Amino acid sequence: MADDIPMISQGRAVLADFEAVYVDVDGVERQMPWAWMPEVVSELDRPVRSFPSYRGQRNFPGWYWSATVGRLVGYESWVERDHLVALDFDPSVVAMVSQPFWLLWAGDKGKQRRHAPDFLVRTADGGVLVLDSRPLELIEQDDRLVFDISDRACALLGWRYAVWDRLDGVLVANQRWLAGYRHPRCFDAEVTGRLVRTFQRPRRLMDGAELAGDPLRTLPVLFHLLWKRHLLADLTLALSDRTVVQAAVDADMPVNVVPAR
């Protein structure tokens with residue numbers, strides 16, 4: 001097993017220890033020094049490898065349409081899918097790509113090793129998060145070494161690196177429900193005005209939906225506004241007709257609208 005231990009883990013990492021492979025906007029695979037990655041990070045929007053699918057497969061790959069980037073983003077497991085939905089729900093996230101690059105480094109005896117993290121995320125403050133999704137109980141020793149290498153490499157660029165475990169089941173269920181209303185087609189300006197006015201003070205979800213009009217029309221917009229965070233609720237509790245909802249402090253209010261009593 002000693003041959004599998006990366007040499008870099010035995011000393012201090014430097015930029016020259018790493019290289020990267022990514023796919024450019026024209027679909028061409030390119031290899032470059034790791035130090036150059038910040039120059040092309042805004043161009044990373046294609047997976048560097050495919051998502052295999054085969055009979056008897058134990059994980060569940062698929063595609064998720066991201067409202068943040070307006071296109072499909074791939075995932076290779078339900079845990080990755082849940083993380084992808086959470087990233088899409090986060091208003092600080094401005095871009096994301098799955099399998100964004102290969103990180104290359106020399107292992108013991110000079111054998112090249114590589115790792116493609118699950119996601120690269122860019123945030124509104126200009127930050128970069130490189131993310132691996134892995135249930136903690138499934139992380140083995142070699143995984144820990146690879147994650148440690150990835151952490152060190154990202155730190156050299158001023159990027160954050162994290163390994164995310166499974167998310168809370170209630171939170172996942174709530175975010176997945178709201179994600180069903182993430183598309184802009186669920187927005188209605190007139191209904192939005194009534195809902196924001198109605199929820200200027202906290203009230204139960206269904207009570208507010210009925211006050212704002214026919215629930216068949218208002219509920220899809222209400223869930224869209226919860227997704228967009230114009231309306232707020234405690235999503236650590238199961239979402240229901242009794243969930244207490246309130247308009248966000250900075251929610252847009254139509255002109256000349258009087259809050260509901």
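Position 1 is the first residue of the sequence; numbering continues from there. Values in this document were obtained by computation on a predicted structure and should not be read as measured data.
- Taking the six-membered ring for Trp and thresholds of 30 and 60 degrees, Phe223 and Trp177 have ring planes more than 60 degrees apart, a perpendicular arrangement.
- Ser66 pairs by the side-chain hydrogen bond (donor to acceptor under 3.5 Å, both in side chains) definition with Asp88, not counting sequence neighbours.
- Electrostatic pairing of Glu29 and Arg49 does not count as a salt bridge here, judged by no charged N lying under 4.0 Å from a carboxylate O.
- Between Glu140 and Arg134 there is no salt bridge, since no side-chain N of the basic residue sits under 4.0 Å from a carboxylate O of the acidic one.
- For the pair Thr192 and Leu225, the minimum side-chain heavy-atom distance is below 4.5 Å.
- Residues Met206 and Val191 share a single hydrophobic cluster, defined by chaining ILVMFWY side chains whose heavy atoms lie under 4.5 Å apart.
- Remark: Arg152 engages Asp148 in a salt bridge, criterion side-chain N to carboxylate O under 4.0 Å.
- Put simply, the side chain of Arg182 gets close to the backbone of Trp65: a donor and an acceptor are under 3.5 Å apart.
- Checked by atom type and distance alone, the side chain of Asn174 pairs as donor or acceptor with a backbone atom of Leu235 at under 3.5 Å.
- A salt bridge links Arg217 with Asp188; the closest basic N to acidic carboxylate O contact falls under 4.0 Å.
- Looking at His224, its side chain never comes within 3.5 Å of a backbone N or O of Cys186 through a donor-acceptor pair.
- Panel note: side chain Arg229, backbone Phe89; a donor-acceptor pair is recorded below 3.5 Å.
- Rounding to the nearest 0.5 Å gives a distance of 9.0 Å between SG of Cys154 and CE of Met37.
- Taking the six-membered ring for Trp and thresholds of 30 and 60 degrees, His83 and Trp164 have ring planes more than 60 degrees apart, a perpendicular arrangement.
- Under 3.5 Å, the side chains of Gln246 and Gln200 contain no donor-acceptor pair of N or O atoms.
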Inset, instruction - Quick one: do Tyr22 and Phe101 satisfy ring pair (Phe, Tyr, Trp, His ring centres under 6.0 Å)? Show the steps, please. - result: CA-CA 5 Å; Tyr22 75 101; Phe101 55 79; 9.1 Å; no
Inset, instruction - Run the numbers on His115 and Trp105 for ring pair (Phe, Tyr, Trp, His ring centres under 6.0 Å), then give the verdict. - result: CA-CA 9 Å; His115 173 61; Trp105 69 93; 7.3 Å; no
Inset, instruction - Report the C-alpha distance between Tyr161 and Asp132 in whole Å, list the side-chain angles of each, state the deciding distance to 0.1 Å, and finish with yes or no for side-chain hydrogen bond (donor to acceptor under 3.5 Å, both in side chains). - result: CA-CA 8 Å; Tyr161 175 79; Asp132 273 304; 2.5 Å; yes
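- Applying the side chain to side chain donor-acceptor pair (under 3.5 Å) test to every pair with at least one member in residues 33-47, sequence neighbours left out, gives no pairs at all.
- Remark: Arg113 engages Asp142 in a salt bridge, criterion side-chain N to carboxylate O under 4.0 Å.
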